[in-house]
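Naming convention: chains lettered A, B, ... in sequence-line order (proteins, then strands); numbering from 1 in each chain. Computed over heavy atoms, backbone and side chain alike; hydrogens, waters and symmetry mates excluded.
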Amino acid sequence: MDKVYSHKDVEERIYKEWENSGYFKPEINPQGKPYSIILPPPNANGALHFGHAMFAIEDILVRFHRMKGEAALWLPGTDHAGIETQFVFEKRLKNQGKSRLDFDRETLYKMIEEYVNEHRGGIESQLRTLGFSLDWSRAKYTLDPDIVKLVHKTFKKMYDDGLVYRDYRLVNYCTFDGTSFSDLEIVHEERISPLYYIKYGPLVLATTRPETKFGDTGVAVHPQDKRYQKYIGRQIEIETVLGKAKIKVIGDESVDQKFGTGVVKITPAHDFNDFEVAKRHNLPLKQVIGFDGKMNRFAGKFEGLYVRQARKAVVEEMQKKGLIEKIDENYKNRIGVCYKCKNVLQPLPLEQWFVKVKPLSQKAIQAVKDGKIKITPSNFEKQYFLWLENLRDWNISRQIVWGIQIPAWKCQKSEIRSGKSEPKPSELRTPISDNGHWTVTDGAKPKKCLQCDSANLEQDQDTLDTWFSSSQWPFAALRASPYNGDFEKFYPTSVMETGYDLLKAWVSRMVMMGIYVTGKVPFNNVLFHGLVNDPYGKKMSKSKGNVVNPLELVEQYGADAVRFALIYGNATGNDQALSYPKLDAARKFTNKLWNMGRFIEMKNVSSSKYQVVSIEELKKKAKHKNDKAMIEKVSELIGKVTNDLDKYNFNYAAEGLYDFVWHEFADKYIEDIKNRINPDSYIILNTLYLILLKLLHPFMPFVTEEIYQRLKFGKSIMVETWPK
RNA sequence: GGGCUCAUAGCUCAGUUGGUUAGAGCGUUACAUUGACAUUGUAAAGGUCAGAGGUUCGACUCCUCUUGGGCCCACCA
């Protein structure tokens with residue numbers, strides 16, 4: 001053995017050995033009880049980041065349970081990441097001077113597919129460099145045909161059960177990216193938006209969006225408001241920038257008498273609250289902003305202006321006409337912006353598919369309350385409950401091509417109008433559910449409309465929200481496994497380990513969908529890890545330019561050291577700042593461990609090389625009091641590390657091992673035994689050292705394996721059993 | 001507006017059901033060592049555990065408040 005441990009000569013070679021030997025498959029312990037973890041599938045098009053490096057926790061668990069003799073499965077996969085990927089691709093198009101609008105749906109899809117396929121495999125090889133013992137023979141991708149089929153099946157089942165429905169309602173729509181989003185994908189920003197006090201005939205009302213006034217179909221006051229009661233139910237005549245008009249005054253409880261003047265304009269097509277009010281009072285919906293972000297013909301001479309331009313023009317015009325009483329320039333409000341492009345989202349009316357969440361969320365809440373799912377750290381339970389309890393129906397339609405196209409066909413005969421076309425004045429309607437004929441299947445094109453037998457059907461152009469498919473990942477990946485019986489054997493999975501930032505978007509939805517489709521929870525434990533920030537504690541982000549690539553650290557320090565540094569000194573679920581001193585300490589630890597092995601190799605005094613016996617035999621063999629004491633201490637350590645791992649206290653385990661291996665075993669015991677080495681004490685030293693290697697193996701798989709093989713303890717430490 | 005979370009040594013962080021002199025890594029200081037260890041060992045300095053109050057025989061740990069960070073959620077015009 002060399003004086004210094006060199007990870008570069010070791011890691012890649014050992015990983016190949018492991019993989020080729022089939023050690024990552026649960027079949028190596030055919031009699032063992034099942035233990036399973038589904039890897040949170042990284043973006044197929046993405047690169048490794050620290051969120052992925054934290055999956056070291058999963059590797060620790062899997063290696064630990066595998067050594068305990070369990071049939072441990074860690075199933076890898078990749079996600080098509082619909083919006084993320086399409087947006088990245090569109091940026092590339094833009095750099096080439098092209099736009100997605102230059103291509104038809106099929107061509108665009110194929111182009112993105114090719115682009116992703118070029119990059120797929122990249123993320124997988126990166127996961128290998130971290131030493132992750134994933135069973136690659138079971139790897140799945142969210143767009144694998146068998147996965148897509150399962151997702152279609154779920155959609156149909158939900159449709160048949162009334163849990164997926166088509167509705168015409170307001171959605172948050174990004175007119176720059178051309179798609180709607182779910183509630184969760186909206187970023188709220190506080191901005192200063194002037195509050196305009198506008199004269200509406202005899203009334204004055206306050207609004208931040210004067211440009212939407214062309215879509216007003218009512219004016220609301222609080223029913224108990226003494227100031228305005230006399231107007232309720234009456235039509236009032238108002239002067240507008242487009243001339244005189246009449247508008248109805250209604251009384252609605254949602255109006256806050258204290259805000260502004262206590263009068264609200266009702267613009268059902270462009271405000272979520274107004275939409276609800278309009279429903280209650282049967283007011284028509286009048287869309288004045290198009291999906292291109294421009295004012296439409298209802299805006300008269302303002303047609304064709306973008307919202308922001310229109311606001312300016314309308315306000316100027318109103319001021320000329322004396323229709324503005326005052327402007328509060330310092331009014332702050334929170335506004336929804338696109339999480340991708342940061343542009344202001346428009347609430348726009350659109351026909352979309354929604355998931356009725358209440359029946360699903362109730363069961364998901366109950367599963368945690370009943371202890372069928374345990375969340376660690378437990379404080380995340382509160383967030384889980386809070387979110388699920390206040391959940392609104394989930395918009396799953398996305399106007400992008402990269403994803404799973406929705407298996408629903410619209411009968412063209414029954415078509416009233418497409419949600420994307422501009423409404424004609426004669427089509428002004430109250431906000432009611434879409435009443436076109438839809439035929440939903442589990443993927444195959446239907447021959448005719450189920451309601452009117454027409455054969456003129458067209459598939460919905462939209463795709464499913466990526467989270468709709470990824471929320472089915474645990475059971476879908478197992479059901480689509482190339483190995484028969486995987487689902488029955490490994491579902492529910494043992495642990496779902498992921499960053500806490502995915503609690504809402506993913507974890508809670510997996511629980512809902514898992515219970516709905518399979519009748520069982522998708523996993524028995526949820527384990528959250530924290531975020532890795534930059535060395536100054538600031539969140540890593542591309543825009544800040546402070547992103548550190550974990551692969552560079554692996555190159556420099558070795559995968560073992562990177563893994564150990566991320567685990568050591570970091571309580572489960574807490575954020576951490578990337579620490580170079582800690583990385584250095586971890587690297588030195590691998591070197592220390594290596595040199596302990598080197599010492600054993602050099603001091604070989606035994607005739608039978610590196611002989612190892614059981615700890616029971618060892619206890620009988622030991623005569624020297626220091627040997628006896630050390631055997632006792634190692635026994636205690638085994639219990640402590642096992643217990644810490646069972647309780648997900650990875651940092652305790654790592655710290656305990658580090659401290660013991662270095663400062664007890666090396667500093668004291670090896671120093672002591674140096675002076676009295678003989679065949680008996682040598683066997684004791686070997687045996688205890690091997691135990692320590694095994695205990696460390698889940699944390700630092702490469703160096704422990706390399707030492708193990710160098711000292712010829714056996715073929716591979718991966719098939720050793722966990723010490724007792 | 002609601003919720004979560006953090007504040008412990010110069011820095012980055014542990015501290016597991018409240019229990020003897022509060023720990024680690026890095027850094028600092030002194031000494032030793034060429035050793036199995038491109039180093040390592042031995043020892044030392046350094047903390048009124050953010051502040052105030054409370055519960056308790058006993059509080060870094062539990063409760064309340066204050067201050068200062070961080071994060072998440074939210075359709076008040």
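Which of B:A14, B:A36, B:U40 sits closest to the side chain of A:Asn574 comes down to B:A14. When distances run from any side-chain atom of A:Asn379 to the nucleotides B:A14, B:U5, B:A36, the shortest one goes to B:U5. Nearest to the side chain of A:Arg334, among B:A36, B:C4, B:G1, sits B:G1. Among B:C75, B:C37, B:U40, the nucleotide with an atom closest to any side-chain atom of A:Lys588 is B:U40. Side-chain atoms of A:Gln383 lie closest to B:C4 of the nucleotides B:C4, B:A36, B:U40. Of the candidate nucleotides B:C73, B:C75, B:C37, B:C37 has the atom lying nearest to any side-chain atom of A:Arg598.
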Verify side-chain contact (heavy atoms from CB on, under 4.5 Å) between A:Glu705 and A:Gln709, making sure each step is shown before the conclusion. CA-CA 6 Å; A:Glu705 176 73 289; A:Gln709 292 186 13; 3.3 Å; yes
Apply salt bridge (charged side-chain N to carboxylate O under 4.0 Å, His left out) to the pair A:Arg587 and A:Asp584, showing each step before the final yes or no. CA-CA 5 Å; A:Arg587 188 192 55 76; A:Asp584 212 38; 3.6 Å; yes
Could you check A:Asp672 against A:Lys668 for salt bridge (charged side-chain N to carboxylate O under 4.0 Å, His left out), going step by step and ending with a plain yes or no? CA-CA 6 Å; A:Asp672 160 58; A:Lys668 295 188 182 133; over 6 Å; no
Taking it one step at a time, do A:Glu706 and A:Arg710 satisfy salt bridge (charged side-chain N to carboxylate O under 4.0 Å, His left out)? CA-CA 6 Å; A:Glu706 179 66 6; A:Arg710 289 291 188 105; 2.9 Å; yes
Between A:Tyr168 and A:Leu285, does a side-chain contact (heavy atoms from CB on, under 4.5 Å) hold up when you go through it step by step? CA-CA 11 Å; A:Tyr168 184 72; A:Leu285 187 82; 3.2 Å; yes
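Rounded to an integer number of Å, the gap from CG of A:Asp667 to C1' of B:U42 is 10 Å. Between the C1' atom of B:U39 and the CG atom of A:Asn595 lies a distance of 9 Å, rounded to the nearest Å. Between A:Leu386 atom CG and B:C73 atom P the separation is 12 Å, expressed in whole Å. A straight line from CZ of A:Phe660 to C1' of B:A24 spans 17 Å, rounded to a whole angstrom. Across the protein-nucleic acid pair, A:Trp387 atom CH2 and B:A74 atom C1' stand 13 Å apart, rounded to whole Å. Summarising the geometry, the separation between CZ on A:Phe380 and C1' on B:G3 is reported as 13 Å, rounded to the nearest angstrom. Distance, A:Arg392 CZ to B:C75 C1': 6 Å, rounded to whole Å. A:Glu381 has its CD atom 13 Å from the P atom of B:C4, to the nearest Å.
Stem analysis of RNA chain B (at least three stacked-register Watson-Crick or G-U pairs, each with both distances under 3.5 Å) gives B:1-7 with B:67-73, B:10-13 with B:23-26, B:28-32 with B:40-44, B:50-54 with B:62-66.
If you check the side chains of A:His529 and A:Glu497, you find a donor sitting under 3.5 Å from an acceptor. There is no side-chain donor-acceptor pair under 3.5 Å between A:Tyr536 and A:Asn546. Of the N and O atoms on the side chains of A:Tyr5 and A:Asn595, not one donor lies less than 3.5 Å from an acceptor on the other residue.
Backbone-only engagement by A:Tyr568 is indicated by non-hydrogen atom pairs under 4.0 Å involving sugar-phosphate atoms exclusively. Among the atoms of the strands shown, only primed sugar atoms or phosphate atoms (P, OP1, OP2) are found under 4.0 Å from some heavy atom of A:Tyr331. Residue contacts shown for A:Glu671 include a base, since a base heavy atom lies under 4.0 Å away. Note on A:Asn273: a base of the nucleic acid sits closer than 4.0 angstrom, heavy atoms only. If you check every strand for non-hydrogen atoms under 4.0 Å, A:Tyr658 touches sugar and phosphate atoms only. Residue-level contact check: A:Asn333 touches the backbone only, with heavy atoms under 4.0 Å from sugar-phosphate atoms and none from bases.
In this model, the phosphate group of B:G25 is not approached by any side-chain N or O of A:Lys582 to a distance below 4.0 Å at OP1 or OP2. Taking only side-chain nitrogens and oxygens, A:His188 comes nearer than 4.0 Å to OP1 or OP2 of B:C75. The phosphate of B:U39 has OP1 or OP2 within less than 4.0 Å of a side-chain N or O from A:Arg587. At B:C72, one or more side-chain N or O atoms of A:Lys539 fall inside 4.0 Å of OP1 or OP2 (strictly under the cut-off). Taking side-chain N and O atoms only, A:His663 has a distance below 4.0 Å to OP1 or OP2 of B:G25. Put simply, A:Trp662 has a side-chain N or O that comes within less than 4.0 Å of OP1 or OP2 on B:G41.
When each of A:Phe589, A:Phe650, A:Phe702 is tested with A:Phe564 by the rule ring pair (Phe, Tyr, Trp, His ring centres under 6.0 Å), just one qualifies, namely A:Phe589.
A distance of about 34 Å separates the P atoms of B:U29 and B:A52, rounded to the whole Å. Here the separation of B:U64 from B:C4, taken at their P atoms, is 11 Å to the nearest Å. Distance noted for atom P between B:G53 and B:U61: 14 Å (whole Å). When the C1' atom is used for both B:G35 and B:A44, the distance is 24 Å, rounded to whole Å. Annotation: B:U33 and B:G41 have their P atoms spaced 16 Å apart (nearest Å). If you take atom C1' in B:G68 and the same atom in B:G51, they sit 11 Å apart, rounded to whole Å. Annotation: B:U40 and B:A36 have their C1' atoms spaced 10 Å apart (nearest Å). For B:U8 and B:A59, the C1' atoms lie 14 Å apart once the distance is rounded to whole Å.
When the nearest nucleotides of RNA chain B are assigned to A:Val4 and A:Ser579 by heavy-atom distance, the more 5′-ward of the two goes with A:Ser579. Both A:Gln576 and A:Thr207 lie close to RNA chain B; mapped to their nearest nucleotides by heavy-atom distance, the more 5′-ward contact belongs to A:Gln576.
Classified by interplanar angle (parallel below 30°, tilted 30° to 60°, perpendicular above 60°), the ring pair A:Phe713/A:Tyr708 is tilted. Relative ring orientation between A:Tyr658 and A:His663 is described as perpendicular, the plane-to-plane angle rising above 60° on a 0-90° scale split at 30° and 60°.
Applying a 4.0 Å cut-off to non-hydrogen atoms, the residues of residues 636-656 of chain A that approach RNA chain B are A:Asn651, A:Tyr652, A:Glu655, listed by residue number.
In terms of modelled atom types and a separation under 3.5 Å, the side chain of A:His270 and the main chain of A:Ile289 share a donor-acceptor contact.
With hydrogens and angles ignored, a donor-acceptor pair under 3.5 angstrom links the side chain of A:Lys674 to the base of B:A36. For A:Lys592 and B:C37, a side-chain-to-base donor-acceptor distance below 3.5 Å is present, hydrogens and geometry of angles not being considered.
Between A:Tyr557 and A:Tyr580, some side-chain heavy-atom pair lies under the 4.5 Å cut-off.
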